[in-house]
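Here the structure is a predicted model, which means the values were calculated and not measured. Residue numbers begin at 1 in each chain, while the letters A, B, ... track the order of the sequences.
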Protein chains: 2
Amino acid sequence: MVSIKDIAKKAGVSISTVSYALNGSPKVTTETCAKILAIAKELNYVPNAAARTLKTRETKIIGVYLTDFSGAFYGDLLQGVNEMLHRKGYDTIVCSGKRSHRMLPERMIDGAIVLDAMFDSDELLRYAELGHKVVVLDRELNHPNINQVLLDNKAGATLAMEHLLDRGFRKIYAIMGPEESYDAGQRLQAVKQAVERCDDLTFKAIEGSFRKESGEEAAKKILAEYTEPAAVFCMNDEMAIGVHNYVSQTDYVVGEHIHIIGFDNVELASYMQPKLATIDYSKHKWGALASEQLLKIIAGEPVENERIYVTLVEGDSVGINKEASAQR
Amino acid sequence: MVSIKDIAKKAGVSISTVSYALNGSPKVTTETCAKILAIAKELNYVPNAAARTLKTRETKIIGVYLTDFSGAFYGDLLQGVNEMLHRKGYDTIVCSGKRSHRMLPERMIDGAIVLDAMFDSDELLRYAELGHKVVVLDRELNHPNINQVLLDNKAGATLAMEHLLDRGFRKIYAIMGPEESYDAGQRLQAVKQAVERCDDLTFKAIEGSFRKESGEEAAKKILAEYTEPAAVFCMNDEMAIGVHNYVSQTDYVVGEHIHIIGFDNVELASYMQPKLATIDYSKHKWGALASEQLLKIIAGEPVENERIYVTLVEGDSVGINKEASAQR
DNA sequence: TTGTACGCGTTATCAC
DNA sequence: GTGATAACGCGTACAA
């Protein structure tokens, strides 16, 4: 491994001169500088990040923490993060799993963007307390070193429920997300509020895990007790796709007997037959905004918590309750 | 920032004793050890990665380099990498973009897995020459510090072409990938070989970029000159989906007038109507094998280049050429 | 303008 | 068993 020491030796100058030259300090002659740079190139010199970090205490790298690498969902988000950070002179790395948490306290990264329920809030607070900067996308956490950029889950869930009610459905299921998911919890709260505003409603919440299989299981239960057209609000698209798939295998018809709306507007949603109704938001913007906020708190600028807004995307997976309409 | 020095002071021992205790060396009394550990916990001690790396020259982190974060395609691959590496005591980080290349020569990672045509082969060879370990998934590169784990592209492309020929098509299009893509190049070669083995064939290769839009554009051209049922081999599924979408918007019917086969078997493929025929392979295994190979060369074990095998997945996007059958 | 010397936090090698 | 001390590679104040 070639260090500035080697360059200094070969150039017949001191290491500090080399360091100055490499960092473009004005304290060194243009010719010595040129000579040093030439030798550095010749020797294939690469500054050692570990050594530099030891001194400067910054790496110009931001870590994004995700539960896993699987979701088609994450692509746009990461693209948003990456674009913003690159523009500002930072690199992005994506991490998953408990073991990579150490990169934050060990200062291998200058800050973290967290969308990972497995990353404990207490742990995050500890790090924030130690001076590390964090933006969370999946929880509420108040600390000077932590900023929130959250989805407007309640608005989304309310939009979804009102869409189902508008279409005349009075028998409604909600397939929940995993308990540890903040987003799922918020959505469920809004659902319950919407339900309470209606009195002529049959409502049932079914457990779910945000995974396709749990959508299929839920669909099985729903069909087992089928008596009249029912609407299902799945708290993410993946489960909605599970329900959709399961129902399509039976004699029941999506958009006629079983009406489905999801959340996230993943790419697949618009390819389902019939097309899946869902709640949309800009994943790209979410990522970009989160990065922007993170850089601000790193720079010590004051920041407000931010929110990402959502819209309803209609689809034929939600039809009209003809029976209800007829009764009116 | 609390260091072992602080712990040593508080415990009234030397820093070396602290280091031993922290690393579970047997050279230290159980009680001193316990005492030191207690103080470390109390002080919220976190070992400094930069300092350790400076000394040990290893980070236990592997970097995966991708062109971008967008592909739904990458999920399984990364999952495969991550599982294997975690089992072996390593962390995974995912990087994209030229700027993050420096992590390899700067020793922030112990090795790299590369699936990114933007990562120059010359650059990789330079790094390998400097002693850094790399596994490439998208090129052939011979160097003691570089291993290859490649898809069997030629077999896949041959399978696809033979499927189209078996179904009686004699008018065949191939939509190519970007020029810089090794995989696309290999597939094209196999296609040309298959074409040469047949003499009663009308064949045409159309430019493509692996993106959905280029599939749509190609479809436009193909339909503009439509005279008889034609088959299209798209060199990845994304373009196949583009073709599929475009054709579906017209009066032509996929699987009747235009027959489509893709490559990759992305999740969406099986949801297309009609279902997309494609070439399948285990992305998960690809990632796992690549990581395994990388750890081997890091450990200095001898390794052979590996290959990932592929299979044909039939789908109704490829029908039967009735006209051809009738003629026989 | 250039050189010297020290600090950063850890590990390793010796003495004791 | 424990402690002092020298690396590791870079940045930088201070001296020359």
*Carefully, step by step, assess Tyr65(B) and Ile109(B) under the rule side-chain contact (heavy atoms from CB on, under 4.5 Å).*
CA-CA 12 Å; Tyr65(B) 286 88; Ile109(B) 54 180; 3.6 Å; yes
*asked:* Using salt bridge (charged side-chain N to carboxylate O under 4.0 Å, His left out), reason through Arg107(A) and Glu58(A) one step at a time and then give a plain yes or no.
replied: CA-CA 7 Å; Arg107(A) 314 206 75 107; Glu58(A) 68 167 9; over 6 Å; no
*Test Leu294(B) against Ile62(B) for side-chain contact (heavy atoms from CB on, under 4.5 Å), laying out the working first.*
CA-CA 9 Å; Leu294(B) 183 55; Ile62(B) 299 297; 3.4 Å; yes
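Counting to the nearest Å, the P atom of dG7(C) and the CD1 atom of Ile15(A) are 14 Å from each other. Look at NZ on Lys35(B): it is 14 Å from C1' on dG1(D), rounded to the nearest Å. Rounded to an integer number of Å, the gap from Leu22(B) CG to dG9(C) P is 15 Å. Going from atom CD1 of Ile4(A) over to atom P of dT12(D) covers 11 Å, rounded to whole Å. One can place CD of Glu106(B) at 16 Å from C1' of dC8(D), the figure rounded to the nearest angstrom. Note: OH (Tyr45(A)) to C1' (dC10(D)) measures 7 Å, nearest angstrom. Rounded to whole Å, atom P of dT12(D) lies 13 Å from atom CG of Leu54(A). Rounded to whole Å, atom P of dG9(D) lies 12 Å from atom CD1 of Ile7(A).
Between Thr17(B) and dT2(D) there is no side-chain polar atom (N or O) within less than 4.0 angstrom of OP1 or OP2. A close approach under 4.0 Å does not occur between any side-chain nitrogen or oxygen of Arg57(A) and OP1 or OP2 of dG7(C). For the OP1/OP2 pair of dC8(D) and a distance below 4.0 Å, the side-chain nitrogens and oxygens of Ser3(A) include no atom meeting the criterion.
At least one donor-acceptor pair under 3.5 Å links the side chain of Asn305(B) to the backbone N or O of Gln148(B).
Cation-pi contact between Lys283(B) and Tyr281(B): present, with separation from the ring centre below 6.0 Å and deviation from the ring axis of at most 45°.
Rounded to 10°, the helix from dT1(C)-dA16(D) to dC16(C)-dG1(D) has 50° between the axis fitted to its first five pairs and the one fitted to its last five.
Ring orientation note: the planes of His132(B) and Tyr127(B) are nearly perpendicular, at an angle over 60° on the 30°/60° scale.
In this structure, CD1 in Ile93(A) is found 4.0 Å from CD1 in Ile93(B), a value given to the nearest 0.5 Å.
With the nearest nucleotide of DNA chain C identified for both Asn23(B) and Ala51(A), Ala51(A) has the one nearer the 5' end. Nearest-nucleotide positions on DNA chain D for Ser19(A) and Lys5(A) put Lys5(A) closer to the 5' end.
Comparing atom distances between the Ser14(A) side chain and each of dT2(D), dT10(C), dT2(C) picks out dT2(C) as nearest. Counting only heavy atoms from C-beta on, Tyr20(B) has its side chain closest to dT13(C) among dT12(D), dT11(C), dT13(C). Listed nucleotides dG11(D), dG3(C), dT2(C) differ in distance to Thr29(A); the shortest reach to its side chain belongs to dT2(C).
Counting distance only, with no hydrogens placed and no angle test, the side-chain atoms of Ser16(A) and the base atoms of dG3(C) include a donor-acceptor pair under 3.5 Å. Side-chain N/O atoms of Lys55(B) and base N/O atoms of dA12(C) include no donor-acceptor pair closer than 3.5 Å.
By the neighbour-count criterion of 12 heavy atoms within 6.0 Å, atom CD of Glu301(A) is densely surrounded, having more than that number from other residues, nucleotides or ligands.
Counting any heavy atom pair closer than 4.0 Å across all strands shown, Thr32(A) reaches sugar-phosphate atoms only and no base atom.
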